[in-house]
Amino acid sequence: MTINLRKNMSKILKVLVLLLIIFSLTLIKKDYEEKDSILTSSQGLSNTKIGWGIKRNDNHEQPDLGTKNKQVLEDNNGIAIGNTTDKYIYLTFDEGYEAGHTKQILSTLKENDVKAAFFLTAHYLNTQPELVKQMIDEGHIVGNHTVNHKSMPSLTEEQINSEVMELHKSIYEKFQYEMKYIRPPMGEFSERSLNTIRSLGYKTVMWSFAYEDWNENKQPDESNAKKKILDNVHNGEIMLLHGNSKTNTNILGDIIREIKNMGYEFKSLDEFK
């Protein structure tokens, strides 16, 4: 009986080992197929460059962002405008480099109790770490504008990863701050680049208002700029201003106060609805 029992136990163990091997191989195959499927899915996405654009109006209704482009963005965890009912404004600045105005911008924001998002390049971080620290210390959001400000559809997935994550790591190493929002350089993206960005854990932030404010040698007239900004205020607005603009810096306080007087509230991207 003992010998037979041992033989039976030996057979059972062999069967169990065989089943375990088969199960393990099945899991490995499944994992490989899933990864292969994800890779194939990413490679199959369109890399046609989309240049973000909006059709402004001056009646305080939400602008036309382009139905197809907006859908591509939102399908990939991106945002450009909030809901139609809440009178919320989300103020954002693009900061490729410092032109001597951000200190005043931060002071104006503090005076008016407004939190903004600043999208920075590696150049900005490397040349203005004190200002970046001030942004973080004063409760603003620091967003990723990539290392070298290159059009994302022109890059490989590996290059996009490098452009995003090198800056991500640098910010974290310097300030223990974890970025989670990104604005594609030049407002250009593709389905493939958006998908790659999403895989890195980032939310893409575009905008529903912007104007020609970035050229330091051709700054808009302050009264005209103020009128254009105020005439286009709308529910759920993600406002894009450039931090290198002297005009923006000079009119920022007036704009904030007037928008508040119109019944709107400034909200952080963390409060986005």
Side-chain angles (χ1 to χ4, degrees), residues 49-58 63 65-66 69 73 78-81 89-109 114 116-128 131-132 135 140-155 163-164 167 181-189 193 204-234 237-256 259 266 269:
K49 181 172 69 177
I50 296 172
W52 188 251
I54 59 177
K55 185 178 180 181
R56 291 196 303 258
N57 56 57
D58 57 2
L65 305 182
N69 291 351
L73 177 68
I79 57 174
I81 197 168
I89 307 293
Y90 308 93
L91 180 58
T92 70
F93 292 88
D94 280 4
E95 296 266 24
Y97 60 93
E98 178 54 36
H101 304 305
T102 304
K103 199 78 175 175
Q104 186 178 334
I105 289 172
L106 288 170
S107 177
T108 301
L109 293 174
V114 170
F118 293 87
F119 290 90
L120 313 178
T121 61
H123 174 79
Y124 195 95
L125 171 64
N126 294 333
T127 58
Q128 301 295 332
L131 285 175
V132 179
M135 293 170 188
H140 300 293
I141 287 172
V142 171
N144 200 320
H145 206 34
T146 74
V147 173
N148 295 301
H149 200 266
K150 295 180 179 180
S151 176
M152 292 210 166
S154 71
L155 305 176
E163 283 286 323
V164 175
L167 181 56
Y181 300 105
I182 188 168
R183 176 161 286 154
M186 295 170 279
E188 296 176 348
F189 59 81
S193 71
T204 298
V205 181
M206 302 307 286
W207 60 87
S208 59
F209 174 83
Y211 78 117
E212 294 182 14
D213 61 346
W214 57 85
N215 188 342
E216 292 176 48
N217 299 318
K218 191 180 178 182
Q219 280 294 287
D221 173 78
E222 290 183 12
S223 60
N224 290 337
K226 191 184 300 184
K227 185 177 188 305
K228 184 173 290 185
I229 292 170
L230 294 176
D231 284 350
N232 285 277
V233 172
H234 53 271
E237 176 179 351
I238 296 182
M239 182 187 296
L240 163 59
L241 301 177
H242 284 82
N244 65 315
S245 167
K246 184 178 180 181
T247 294
N248 288 340
T249 306
N250 290 342
I251 67 177
L252 183 60
D254 290 341
I255 288 170
I256 289 173
I259 289 175
F266 285 89
L269 289 176

Check whether any side-chain N or O of T108 sits under 3.5 Å from a backbone N or O of L252 as a donor-acceptor pair, and report yes or no. no
Any chance the side chains of N248 and Y211 put a donor and an acceptor closer than 3.5 Å? yes
Going through the checks in order, is the side-chain contact (heavy atoms from CB on, under 4.5 Å) test met by F119 and T92? CA-CA 8 Å; F119 290 90; T92 70; 4.0 Å; yes
Closest non-hydrogen contact found for P63 with R56 is CB-CA, 4.3 Å
Could you tell me whether a side-chain N or O of D213 sits under 3.5 Å from a main-chain N or O of L241, the two making a donor and an acceptor? no
So CG of D221 and OG1 of T247: to nearest 0.5 Å the spacing works out to 7.5 Å
Student check: side-chain heavy atoms of I182 and M152 closer than 4.5 Å: yes
Looking at NE2 of H242 and CD1 of I105, how far apart are the two atoms once the value is rounded to the nearest 0.5 Å? 11.5 Å
Whether the side chain of N244 engages the backbone of W214 through a donor-acceptor N/O pair (distance < 3.5 Å, no angle test) should be reported. yes
Walk me through whether I50 and E188 qualify under side-chain contact (heavy atoms from CB on, under 4.5 Å). CA-CA 6 Å; I50 296 172; E188 296 176 348; over 6 Å; no
Going by atom types only, do N148 and E163 share a side-chain donor-acceptor pair under 3.5 Å? yes
Partner of P184 under side-chain contact (heavy atoms from CB on, under 4.5 Å), picked from H149, K150, H145, M206, is M206
Does any N or O in the side chain of E222 come within less than 3.5 Å of the main-chain N or O of A225, such that one atom is a donor and the other an acceptor? no
Is there side-chain contact between L65 and I81, with heavy atoms separated by less than 4.5 Å? yes
Can you confirm whether T204 sits close enough to Y181 that some side-chain heavy atom of one is under 4.5 Å from a side-chain heavy atom of the other? no
Would you please indicate yes or no on a ring centroid separation below 6.0 angstrom for F93 and F118? yes
Would you say the side chain of T121 lies within less than 4.5 Å of the side chain of L167, judging by non-hydrogen atoms? no
Roughly how far, to the nearest 0.5 Å, is the CD1 atom of I89 from the CZ atom of F209? 10.5 Å
Side chains of H234 and S208: is there a donor and an acceptor less than 3.5 Å apart? yes
Any side-chain heavy atom of L73 sitting closer than 4.5 Å to one from I79? no
If every non-hydrogen atom of I255 is compared with every non-hydrogen atom of L230, which pair is closest and at what distance? O-CD2, 4.1 Å
Does a side-chain heavy-atom distance below 4.5 Å link E95 with T102? yes
Run E216 and S245 through side-chain hydrogen bond (donor to acceptor under 3.5 Å, both in side chains) and show every step you take. CA-CA 6 Å; E216 292 176 48; S245 167; over 6 Å; no
Hey, does the side chain of T127 reach the backbone of H123 with a donor-acceptor pair shorter than 3.5 angstrom? yes
Do the non-hydrogen side-chain atoms of W207 and R183 ever get within less than 4.5 Å of each other? yes
Inter-residue atom distance M186.CE - S154.OG, 0.5 Å rounding: 7.0 Å
Does the pair I54 and W52 meet the rule for a side-chain contact (heavy atoms from CB on, under 4.5 Å), with working shown? CA-CA 7 Å; I54 59 177; W52 188 251; 3.9 Å; yes
With respect to L120, which candidate in L131, L125, V132 satisfies the side-chain contact (heavy atoms from CB on, under 4.5 Å) definition? V132
Between Y90 and E237, do the side chains contain a donor N or O and an acceptor N or O under 3.5 Å apart? no
So do the side chains of I256 and L109 get within less than 4.5 Å of each other, counting heavy atoms only? yes
Where do D231 and K227 come nearest, in terms of heavy atoms and distance? OD2-NZ, 2.6 Å
